[in-house]
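Inspection log for the structure reproduced underneath, given as structure tokens.
Naming convention: chains lettered A, B, ... in sequence-line order (proteins, then strands); numbering from 1 in each chain.
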Protein chains: 2
Amino acid sequence: MAAMASKSQRAPRRTEALSRDVIVQAAVAILDAEGEEALTLRALTVRLATGYGAIYHHVADRDDLLGAATDHVIGRVVADTGGVGKPREALRSVAAGLFDAIDAHPWVGAQLTREPWRPALLDVYESVSANLHALDVPERAVPDSAGALVNYILGVAGQNAANARALAASKMDRETFLANVAARWAQLDPLRYPAMHKAGQHLREHDDREQFLAGIDLILAGIAAVNRG
Amino acid sequence: MAAMASKSQRAPRRTEALSRDVIVQAAVAILDAEGEEALTLRALTVRLATGYGAIYHHVADRDDLLGAATDHVIGRVVADTGGVGKPREALRSVAAGLFDAIDAHPWVGAQLTREPWRPALLDVYESVSANLHALDVPERAVPDSAGALVNYILGVAGQNAANARALAASKMDRETFLANVAARWAQLDPLRYPAMHKAGQHLREHDDREQFLAGIDLILAGIAAVNRG
DNA sequence: GCGTGATTGGAGCGACGATCCAAAGCTTTG
DNA sequence: CAAAGCTTTGGATCGTCGCTCCAATCACGC
């Protein structure tokens, strides 16, 4: 025991190499498991069994890491769904793919609305524009139309993220949480808030994904209508 | 000088009474002047010449304060613009009013996407629903249609907030900032990003407010088209 | 085997949101 | 007018956060 470690001994160096990718994946894991605010540098050092310095050597700062995690999740979606099938179907599948990705990783929704110039979203915008072009939308109408679609998608993304945060904060399961929201809406004054009051009664039959896609169809119909006459 | 204050003397009590409203107004002033991250408890105590305890006596926590500030700004908009004129004009003026408010107070956009169940937004949803009803949209189609409009508005709100943050962070004036963005887009590979490349060349002729209203019209046209058959 | 540069671990810093409590006013009693 | 009790206030203090900094460690070329 003569060679016993003194109390100020430093932890041994890690065996597997650290890399930006490993860090990003660990960040995604934490974000998926515990939400955005759980992604602290300290949590990362614990999970990766390393120190602050090692992480900051590969990553500029927390925002850089959040951005990289967002690109990591969104990146594949557009590539997988953007160019297949007829333009209209391609548009719907890009939108649906984004919805599903954001539904599975709600923090992505918040991050997309915070930094909408991420490369991932750039690809989305490009894919939407190309498919609108293929739909014979006049060239000068493409930017506004693509903007409307992307902004709508971003709005839904933000809503989803907010709902997921509220659900996590409430510590209820999804069912009782929705029941609570419905009850609160139903209690609103039916005279002052008729639409919300009614929505509270019909929340059971509500499917976020279907409503999202209905909105996409609505906007596509509007694009068609505006350019027809 | 015998009664000179000892060094541990407490500052005199403020003369004008503190209140939730005074605090909210101070918060709005800070947010407008320096952005969301500048609203710290410390900054508030300095501006109001008071301490932490006084503020926390009137306000639950920072989120409560941000929410109250948001309601304070958004509250009037719906009341001022919701019920006047024909339904279609009323819808456009609500949307435009929201856009202008968010444009003047970009942090509101971020806050709306973070907490979309704020009472202020509830009024928006209600006003939109009522005007859609007045436009003879079938009752069962109202929720999806209103959702599309509100989500679109929220998406634009988030974008505006993000742009304002980026503009403030860059410390350029609006003109050169836009020129920089345009230049970066124009440098994108025209083969891989044809739409963004082109957008970079035409950013000069771009008006956010007009594009926003064009999106509203697009969605309204879609609502009309879908319900026509 | 010996430097040299890339990589790593962790102590420490300043700022933050939030809590807590005693001081200071205000209002109600007798 | 005075004492008691409730409301409001100021600021010390706590724990946590993102981030900086530097010494320790390793991989590798010579």
Using ring-ring contact (aromatic ring centres under 6.0 Å, His included), reason through A:F212 and A:F99 one step at a time and then give a plain yes or no.
CA-CA 8 Å; A:F212 168 71; A:F99 182 91; 5.0 Å; yes
Separation of C:dC16 atom C1' from B:E36 atom CD, nearest Å, is 14 Å
Nearest heavy-atom contact between A:I153 and A:A95 is CD1-CB, 4.3 Å
Expected list for residues 52-64 of chain A near DNA chain C, using heavy atoms below 4.0 Å, is A:Y52, A:G53, A:A54, A:H57, A:H58
In short, side-chain hydrogen bond (donor to acceptor under 3.5 Å, both in side chains) pairs touching residues 52-69 of chain A with sequence neighbours left out are A:R20-A:D64
Here the distance between atom P of D:dC19 and atom CD of B:E37, to the nearest Å, is 11 Å
Review point. What nucleic acid atoms does B:L44 come within less than 4.0 Å of, heavy atoms only: base, sugar-phosphate, or nothing?
Key: nothing
Between CZ of A:R20 and P of C:dT7 the distance, given in whole Å, is 14 Å
Determine, stepwise, if the pair B:L154 / B:L112 fulfils side-chain contact (heavy atoms from CB on, under 4.5 Å).
CA-CA 7 Å; B:L154 286 178; B:L112 282 182; 4.0 Å; yes
B:L41 CG to D:dG11 C1', in whole Å, measures 13 Å
Taken to the nearest 0.5 Å, the spacing of A:R192 CZ from B:L122 CG works out to 9.0 Å
Rounded to whole Å, CG of B:L18 lies from P of C:dG25 at a distance of 15 Å
Residues passing the ring-ring contact (aromatic ring centres under 6.0 Å, His included) test with A:F177, sequence neighbours excluded, are none
B:I30 atom CD1 is separated from C:dC16 atom P, nearest whole Å, by 11 Å
Between CG of B:L39 and P of C:dG17 the distance, given in whole Å, is 8 Å
